[in-house]
J.: 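This is the structure, below, for whatever I ask next.
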Protein chains: 4
Amino acid sequence: MKIGILTSGGDCPGINATIRGVCKTAINHYGMEVYGIHSGFRGLLDNDIVPLDESSLTGLLNLGGTILGTSREKPFKRKAGAVSENKPAIMLQTIRERGLDCIVCIGGNGTQKTAAKLAEAGVNVVSIPKTIDNDVWGTDVSFGFDSAVTIATDAIDRLHSTASAHQRVMVIEVMGHKAGWIALHSGMAGGGDIILLPEIPFDIHRIGDAIINRLKKGKPYSIVVVAEGIPTIGGKKAAQYIAEEIEYETGFETRETVLGYIQRGGSPTAYDRNLATRMGGHATELIAQGMFGRMVALKGNTIESVPLSEVAGKLKLVTEDHDLIVQGRRMGICFG
Amino acid sequence: MKIGILTSGGDCPGINATIRGVCKTAINHYGMEVYGIHSGFRGLLDNDIVPLDESSLTGLLNLGGTILGTSREKPFKRKAGAVSENKPAIMLQTIRERGLDCIVCIGGNGTQKTAAKLAEAGVNVVSIPKTIDNDVWGTDVSFGFDSAVTIATDAIDRLHSTASAHQRVMVIEVMGHKAGWIALHSGMAGGGDIILLPEIPFDIHRIGDAIINRLKKGKPYSIVVVAEGIPTIGGKKAAQYIAEEIEYETGFETRETVLGYIQRGGSPTAYDRNLATRMGGHATELIAQGMFGRMVALKGNTIESVPLSEVAGKLKLVTEDHDLIVQGRRMGICFG
Amino acid sequence: MKIGILTSGGDCPGINATIRGVCKTAINHYGMEVYGIHSGFRGLLDNDIVPLDESSLTGLLNLGGTILGTSREKPFKRKAGAVSENKPAIMLQTIRERGLDCIVCIGGNGTQKTAAKLAEAGVNVVSIPKTIDNDVWGTDVSFGFDSAVTIATDAIDRLHSTASAHQRVMVIEVMGHKAGWIALHSGMAGGGDIILLPEIPFDIHRIGDAIINRLKKGKPYSIVVVAEGIPTIGGKKAAQYIAEEIEYETGFETRETVLGYIQRGGSPTAYDRNLATRMGGHATELIAQGMFGRMVALKGNTIESVPLSEVAGKLKLVTEDHDLIVQGRRMGICFG
Amino acid sequence: MKIGILTSGGDCPGINATIRGVCKTAINHYGMEVYGIHSGFRGLLDNDIVPLDESSLTGLLNLGGTILGTSREKPFKRKAGAVSENKPAIMLQTIRERGLDCIVCIGGNGTQKTAAKLAEAGVNVVSIPKTIDNDVWGTDVSFGFDSAVTIATDAIDRLHSTASAHQRVMVIEVMGHKAGWIALHSGMAGGGDIILLPEIPFDIHRIGDAIINRLKKGKPYSIVVVAEGIPTIGGKKAAQYIAEEIEYETGFETRETVLGYIQRGGSPTAYDRNLATRMGGHATELIAQGMFGRMVALKGNTIESVPLSEVAGKLKLVTEDHDLIVQGRRMGICFG
């Protein structure tokens, strides 16, 4: 049995731990051969594929990034109405020529979509969700998310000293285009006073009131955590827009920070390493059992899998009845 | 409505976040009064109780330890066959005199037992599980566990450089008297080669073989993670015993580290802060709904509660079918 | 003997440790009384002053920010050609009325200037340098600098995984308006390939060449560390400007990160705590010896002091013969 | 010009950064060839030597341990009164056969001694001090020390929550056989109340008094930081001995922690990375200038060098007039 493995889309802490989980289980337990496909689906187009053995896996558990490289190549994407006929065909040819019995695709929503199409095209595919944004549908949590939340929370912790020393409002923008999971979890863990998510409409007057109310309670400073994907005016970045509006509404000196790429880099947390290891190992089990066309998923405490066809094209968003929002509101936190 | 709140047993990251969660929800949302009981159940014996208001809660979210102090006082413990008649009576009197409508007890297995007895004695009790060991029955995870695993994993990460630079076996002992949860999770996250838990009997020859096998694969060093509660001979500490046995079996230079108290101190992880906040808020909800005699619990992704009478006296142990053990074995990790 | 103590200018890790060092030495060893002046020099204008005792100092050693608050109040600043006559007079009156025998001023370059003027006006002043930028003249190092470098280095470490996984150029902007100390030290410690400081003119073509040269050596990614104060065109922020220019020059996908306020917040490093403690203690010694009008300074390994009149108005800048630049160039790092 | 480079003695954060500094400067700037000698001086005995090129240096800056491996081989050590005649001769032969023009030795006191003897034997030697203990004579600071102090300080920070929650005395033992540098710096940075060094005799009654005095001031808990090398009775480890004595003297519940090997592992701090880089680069400069028989050293803020013959056999110890001790005593810290 020959497995090909690729990583696609944005990088994320825990990818290498997942690769290690897939490969160690495949090599040690099932005696499979494993091949690393470089730069995501582009490696299938360029035939850029190398064998992986146990010695390739040393030091991967806590290493950030991906040793396989990644790209945003979308081989099934239509241009001017038509998919490039060549790309899918080239991929299938590479897979056939290399004798790969199945492909493990590690990636976010875009990757799951491509993986589903590859499966439709007749390839044996097992996929693993990977996103710091935690917005892949079908799994309760994706690895990378806990690491991103940890980095963002650490950053918010640091802003408290400046906010209180200078009696300022500090606005911090964290990642999350469509989904506010990082803002919600880091905002709550970091003691944010106001937390704005793409999923919950906000009223800037209510935000101003919340800041004024804190002043009345003797707290002349506030921490505002915003997801990058909240609606703004005039193409402004989320943090800049909210900071300007707050300064206008309240007269408080307001400063902004955009956390940026450091959220997706570096060594994964212990939680993410174990989630990545479990998901990687489970992917290999699915292969051994011939269960293809599925995405590995965390459901409660157990690792299961869901049909790729159900996952593709959906997003997992925060809803207002989420426990952290309900509890947060009771504690006086403003969600807009 | 007047709530008393106490923390009992070993300290643990996230206690203060829980206190904050209980109190903010109680004060802001339900308009309850909250009273802090000092040094666990001893505070009910000594009438050492102070009112808490919002200003008491500033800075608690990421503060280690417990602002209420703790003790290992077990007021229902029998001595020479008989419970001290006075202690339960004194506690009830204090609660009555202070006009406390219910008591929130935050603690581990011992605390849950006392809380159950207090409930039997007619007091309105809501309890919250708290243990770095993760061995409280009835909840999937306790806050403090993720923090302890994170600290232990960081320590194991550090040992890798010494192990490989000196071609040594490094044995690290982590907390866990009865339950090996910390050893399992930090051992897997830290890349342990051999992981020993109190729940799984081990054969020292097989451990020696595992180390020799690594040598044959070109890895003349190993990391061994042991829970403090594994069986040893002659009253030796776990790490010392295993290190001596490995040196005897393999001839490898072997060094031991006992991680100790640093596992229970310091700021909680983001994961633990949010779990603590949710559990604290849920406890207040139970009070508001008059649901007493219950322990807050995490079940899958949701916070629920279980009857205290079902929890008391039980332990949640690792079982061999745990996913991390199954996956770990397939990856070649030796569990004894 | 009554000491007043104030903190002024931007907040910085280690201020609270300094306050603790001044006060513990003053109270324990010299039996002095200490008074905390709130919000920098504004506290002298508003008579916002409270006594500090040992219990005020608990937990200060590793606490970020400043318990005294800070402001950018410049009481000697001329407006329309004239100093506000009132402000200096009000401060002197407050000091006299409160019976303060001397004032300890903790702050950056602006603060040192004000402190020098206060000394000229006849007040007994001892000052302590405080700046994450490390640009106060007269001291080899200021506390806060090591903490800021540590945070920035950690961030740069994280960018490496994204840079190599995506084969990108990552540009990170760190603090430093006039002086490039943070960029130099974090750039070298974080493995930056190109490091740009305000003090060293750069040629964007040479930067492009350096990136292309790395590609030729098989490294199709680079890390660029820039100080916020480098010259740009069109009012652009440093990181944005450099990222756009690099993309234009090289065609490489380039991403930018502005690290911002998290560099000045949070708990100080061990190095900064000890430097802060030593500087605080030394300030009290100067007071005990009646040596006023001086700023505490680190010279090599010893804490000494320099006349405030020599410090005020000067900046300590990076020079091209700095060992890290000389060594960095020999190692192939591009400084512009 | 062909350089051989070896690392000897205990591992320490920053060794790989030093190797990188030596090699990058040698290869990029001076066009030298560099050879890595494995497992310290043993590699010269076993002819275990490989060429290093730029690609060998990727990722070294923040990697713990040493890619060259290390050993405690002392080839000039006398056995039964006589040096093994063979060992020095074998080393000289290996160096000659390999055509190595000089040897860079990175190590602690033992290594400096061997390096001095190798130089006496006619080999061109440049050495670099490396020790977490900071006890190599001739340099103000060695890399590895700041990292060890940082880890120890972080651990002490964590003990505070347990100490105050349980009203206990917590004793922590840090590394330092002969020299108390780590105990002094981490004890001061971590807020230790009592700090015991090998260099300062202590009286257990005075320590007990210090703990009782804290109780009188309303602080019923203390943190005690001890170096492993303080004198004890009955062969007990430092922490255990002091904990037992304190419990006997004061009646306080006392707990001990031995920090152990985690102090020497993992990624170096930013400070240590830059010190290592500078020392590595300077070593190559000495070679280029033909200045052999010297050890690189930090003096104040500049990197210089001292004759190896002056270094060998000496130890750099803490003296009572050290600023941190003087200031610490004034602040009320007990040094015994």
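Every chain is numbered from 1, with letters handed out A, B, ... down the list of sequences.
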J.: To the nearest 0.5 Å, what is the distance between OG1 on A:T302 and CG on B:D323?
T.: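 One finds 8.0 Å between OG1 of A:T302 and CG of B:D323.
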
J.: So how far is it from A:D146 CG to B:T150 OG1, rounded to the nearest 0.5 Å?
T.: 7.5 Å

J.: Rounded to the nearest 0.5 Å, how far does CE of A:M279 lie from CD of B:Q327?
T.: 11.5 Å

J.: Would you name the heavy atoms of B:H185 and A:N274 that are closest together and state the gap between them?
T.: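 Minimum heavy-atom separation between B:H185 and A:N274: O-ND2, 3.0 Å.
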
J.: Measure A:H282 against the heavy atoms of chain B and call it side chain, backbone, both or neither at under 4.5 Å.
T.: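 For A:H282, backbone and side chain are both near chain B.
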
J.: If we define contacts as heavy-atom pairs under 4.5 Å, which of A:T277, A:L324, A:V149 has the most with chain B?
T.: A:L324

J.: Using non-hydrogen atoms only, which part of A:R330 is less than 4.5 Å away from chain B: side chain, backbone, both, or neither?
T.: both

J.: To the closest 0.5 Å, what do you measure between CG (A:L61) and CE (B:M331)?
T.: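 Reported value, rounded in 0.5 Å steps: 7.5 Å.
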
J.: Using side-chain contact (heavy atoms from CB on, under 4.5 Å), reason through A:E54 and B:K217 one step at a time and then give a plain yes or no.
T.: CA-CA 9 Å; A:E54 277 206 76; B:K217 288 185 180 181; 3.1 Å; yes

J.: Any idea which heavy atoms bring A:A270 and B:T153 closest together, and the distance?
T.: CB-OG1, 3.5 Å

J.: Looking at chain B, which one of A:G280, A:A189, A:G281, A:S55 has the largest number of heavy-atom pairs inside 4.5 Å, strictly under?
T.: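 Of A:G280, A:A189, A:G281, A:S55, A:A189 has the most heavy-atom pairs under 4.5 Å with chain B.
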
J.: Chain B heavy atoms under 4.5 Å from A:T25: which part of the residue, side chain, backbone, both or neither?
T.: both

J.: Give, as side chain, backbone, both or neither, the part of A:K219 having an atom under 4.5 angstrom from any heavy atom of chain B.
T.: side chain

J.: Quick check on the interface: out of B:V141, B:T269, B:N301, who has the most heavy-atom pairs with chain A under 4.5 Å?
T.: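 Going by pairs under 4.5 Å, I would pick B:N301.
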
J.: Most heavy-atom pairs under 4.5 angstrom with chain B, which of A:E285, A:R329, A:H160?
T.: A:E285

